[in-house]
Amino acid sequence: MAGVKVAVVTGGNKGIGLAIVRALCKQFKGDVYLTARDPKLGEEAVRALKEKEGLSPLFHQLDINNLQSIRTLGSFLKEKYGGIDVLINNAGIAFKVADTTPFGTQAEVTLKTNFFATRDICNELLPLIKPHGRVVNVSSMASYMALERCSPELQKVFRSDTITEEELVTFMEKFVEDAKKGVHEAQGWPNMAYGTSKVGVTVLSRIQARELNEKRKNDGILLNACCPGWVKTDMAGPNAPKSPDEGAETPVYLALLPNNADSPHGELVSEKKVVPW
């Protein structure tokens, strides 16, 4: 199957992820994998797209919090397709505003999935991205709001063009520790677990793009973070103005940037436009 292109969407069984799978099935010339933690929910979503919409996605189990699950997917894709053409890291979680779970716990749980697990996926799967591949890390404008609410010192760190992945990880770990001790605001952090997790995703994307420039300069790979907007999903609630299909537009636009494109790369993109970080 080495001649067949392949696209992979994490957290694909509902919400924006499902809408991204739907759009890719219509627009991407190749196989599209809907992945989900729960095989039952994933298979049901695939079946619905096939039977109700006449599309042909494929399913593969993926729990981004499980390193072995990530490696199993990577081995499968390498063996069957020789690598990956499009990777959309959409899986993520958010606590509801009204949730009474202690903030320290919210910070730990939210960063575990949204930042640390996304980083694990990238570390395992980015080496499999083929020349002219496209990688989209679904972030959020909440990352920008959280950045603005950080202390000037932290803003400088997160806007730096030389910050390393190791340094970023240390800061994300510090946020969790500070939050658990109840001193995060005193230490210059915003009172936003989800927003801070997405600061991590946006900055990680900037670092990854820089590393691709250094290590695979001539491969034409483009990697970006994006904001889908405020979308009606289980996560964001029923009052959001956008439909999931509308939320999928920017991630899909970035996934399908033409082969000869050299930008955007290493950017935060919203409504198909670069947001200055």
> For T110 and S197, work out which heavy atoms get closest and say how close.
CG2-OG, 3.8 Å
> Output yes when a side-chain donor or acceptor of R37 lies under 3.5 Å from a complementary backbone atom of N65, and no otherwise.
no
> Can you name the nearest heavy-atom pair linking N114 to G92, along with the distance?
OD1-CA, 3.2 Å
> Drop me the distance from K217's NZ to L212's CG, to the nearest 0.5 angstrom.
10.5 Å
> Begin from the C-alpha positions of C122 and N137 and carry the test side chain to side chain contact (heavy atoms under 4.5 Å, CB included) through to its verdict.
CA-CA 9 Å; C122 292; N137 294 328; 4.0 Å; yes
> What's the separation between atom CZ in R134 and atom CG in L257, rounded to the nearest 0.5 Å?
5.5 Å
> Identify the heavy atoms of H60 and Y33 that sit nearest to each other, and give their distance.
CB-CD2, 4.0 Å
> When the side chains of residues 266-277 are checked against the rest of the protein, which donor-acceptor pairs come out under 3.5 Å, sequence neighbours left out?
from : atom 1 : to   : atom 2 : distance (Å)
E271 : OE2    : K242 : NZ     : 2.9
W277 : NE1    : F158 : O      : 3.0

> Apply side chain to side chain contact (heavy atoms under 4.5 Å, CB included) to V199 and L154, showing your working.
CA-CA 11 Å; V199 168; L154 284 175; over 6 Å; no
> What ring pair (Phe, Tyr, Trp, His ring centres under 6.0 Å) pairs are there with at least one residue in residues 202-226, not counting sequence neighbours?
none
> Can you sort out the partners of P39 under side-chain contact (heavy atoms from CB on, under 4.5 Å), two or more places apart, ordered by chain and number?
F59, Q61
> Going from NZ on K130 to CG on L87, what distance comes out if it is rounded to the nearest 0.5 angstrom?
13.5 Å
> Are L168 and I64 connected in a single hydrophobic cluster, I mean Ile/Leu/Val/Met/Phe/Trp/Tyr linked by side-chain heavy atoms less than 4.5 Å apart?
no
> For L128, check side-chain contact (heavy atoms from CB on, under 4.5 Å) against everything at least two apart and list the hits.
K78, I84, L125
> Sequence neighbours excluded, which residues qualify as side-chain contact (heavy atoms from CB on, under 4.5 Å) partners of T164?
E166, E167
> For the residue pair S143 / T202, report whether a side-chain donor-acceptor contact shorter than 3.5 Å exists.
yes
> Step by step, would you call H184 with N191 a side chain to side chain contact (heavy atoms under 4.5 Å, CB included)?
CA-CA 7 Å; H184 56 285; N191 202 36; 2.7 Å; yes
> Show the atom names and distances, to 0.1 Å, of all donor-acceptor pairs under 3.5 Å that link a side chain in residues 171-180 to residues at least two apart or in another chain.
from : atom 1 : to   : atom 2 : distance (Å)
K174 : NZ     : D178 : OD2    : 2.7
K174 : NZ     : Q187 : OE1    : 3.1
D178 : OD2    : W189 : NE1    : 3.1
K180 : NZ     : E108 : OE2    : 3.0

> Below 3.5 Å, can you tabulate the donor-acceptor pairs from side chains in residues 8-17 to any protein atom, sequence neighbours excluded?
from : atom 1 : to   : atom 2 : distance (Å)
T10  : OG1    : N90  : N      : 2.9
T10  : OG1    : A91  : N      : 2.8
K14  : NZ     : D234 : OD2    : 3.2

> Flag the pair L24 / L256 as yes when at least one side-chain heavy-atom distance between them is below 4.5 Å, and no otherwise.
yes
> If we ignore hydrogens and angles and just use 3.5 Å, is the side chain of E124 paired with the main-chain N or O of R71 as donor and acceptor?
no
> To the nearest 0.5 Å, what is the distance between CG on D63 and CG on D38?
10.0 Å
> Going by heavy atoms in the side chains, are L62 and I70 under 4.5 Å from each other?
yes
> Step by step, work out the side chain to side chain contact (heavy atoms under 4.5 Å, CB included) result for V169 and R119.
CA-CA 9 Å; V169 166; R119 174 178 175 251; 3.4 Å; yes
> Donor-acceptor pairs are to be reported for all side-chain atoms of residues 43-56 against protein atoms at under 3.5 Å, with residues two or more places apart or in another chain.
from : atom 1 : to  : atom 2 : distance (Å)
E44  : OE2    : K40 : NZ     : 3.3
E53  : OE1    : R22 : NE     : 2.8
E53  : OE2    : R22 : NE     : 3.3
E53  : OE2    : R22 : NH2    : 3.1

> To the nearest 0.5 angstrom, please state how far the OG atom of S69 sits from the CG atom of D120.
11.5 Å
> Evaluate the side-chain proximity of N123 to E165: yes if any heavy-atom separation is below 4.5 Å, no if none is.
yes
> Please write out which residues are connected to M192 in a hydrophobic cluster, directly or through intermediates, given that two of Ile, Leu, Val, Met, Phe, Trp, Tyr count as joined at side-chain heavy-atom separations below 4.5 angstrom.
M145
> Got a donor-acceptor contact below 3.5 angstrom from the R206 side chain to the R159 backbone?
yes
> Verify the cluster assignment for V157 and Y144: are they in a single hydrophobic cluster under the rule of side-chain heavy atoms below 4.5 Å apart?
yes
> Hydrophobic clusters join Ile, Leu, Val, Met, Phe, Trp and Tyr when side-chain heavy atoms are under 4.5 Å apart, directly or via other members; which others share one with V109?
I93, F95
> Check side chain to side chain donor-acceptor pair (under 3.5 Å) between N260 and all other residues, then give those that pass, not counting sequence neighbours.
none
> Taking L111 as the starting point, is it possible to reach I121 by hopping between hydrophobic residues whose side chains are less than 4.5 Å apart?
no
> Would you indicate whether E148, at its atom CD, is surrounded by more than 12 heavy atoms from other residues, nucleotides or ligands within a distance under 6.0 Å?
yes
> Check whether any side-chain N or O of R216 sits under 3.5 Å from a backbone N or O of E214 as a donor-acceptor pair, and report yes or no.
no
> Determine the minimum heavy-atom distance between P190 and R149, stating which atoms define it.
CB-CB, 3.8 Å
> Would you give the length of the straight line joining atom CG of L41 to atom CG of L34, rounded to the nearest 0.5 angstrom?
10.5 Å
> Residues in ring pair (Phe, Tyr, Trp, His ring centres under 6.0 Å) with H265, at least two apart?
none
> Same cluster for V138 and M141 if Ile/Leu/Val/Met/Phe/Trp/Tyr side chains link at under 4.5 Å?
no
> I'd like to know if the side chain of T101 pairs up with that of D99 as donor and acceptor (distance under 3.5 Å, no hydrogens or angles considered).
yes
> Same hydrophobic cluster for L126 and F115, using side-chain heavy-atom links shorter than 4.5 Å among ILVMFWY?
no
> Tell me the closest heavy-atom pair linking A255 and I88, and the distance in Å.
CB-CD1, 3.8 Å
> Specify the closest pair of heavy atoms between K5 and D85, including all atoms of both residues, with the distance to one decimal.
CA-OD2, 3.0 Å
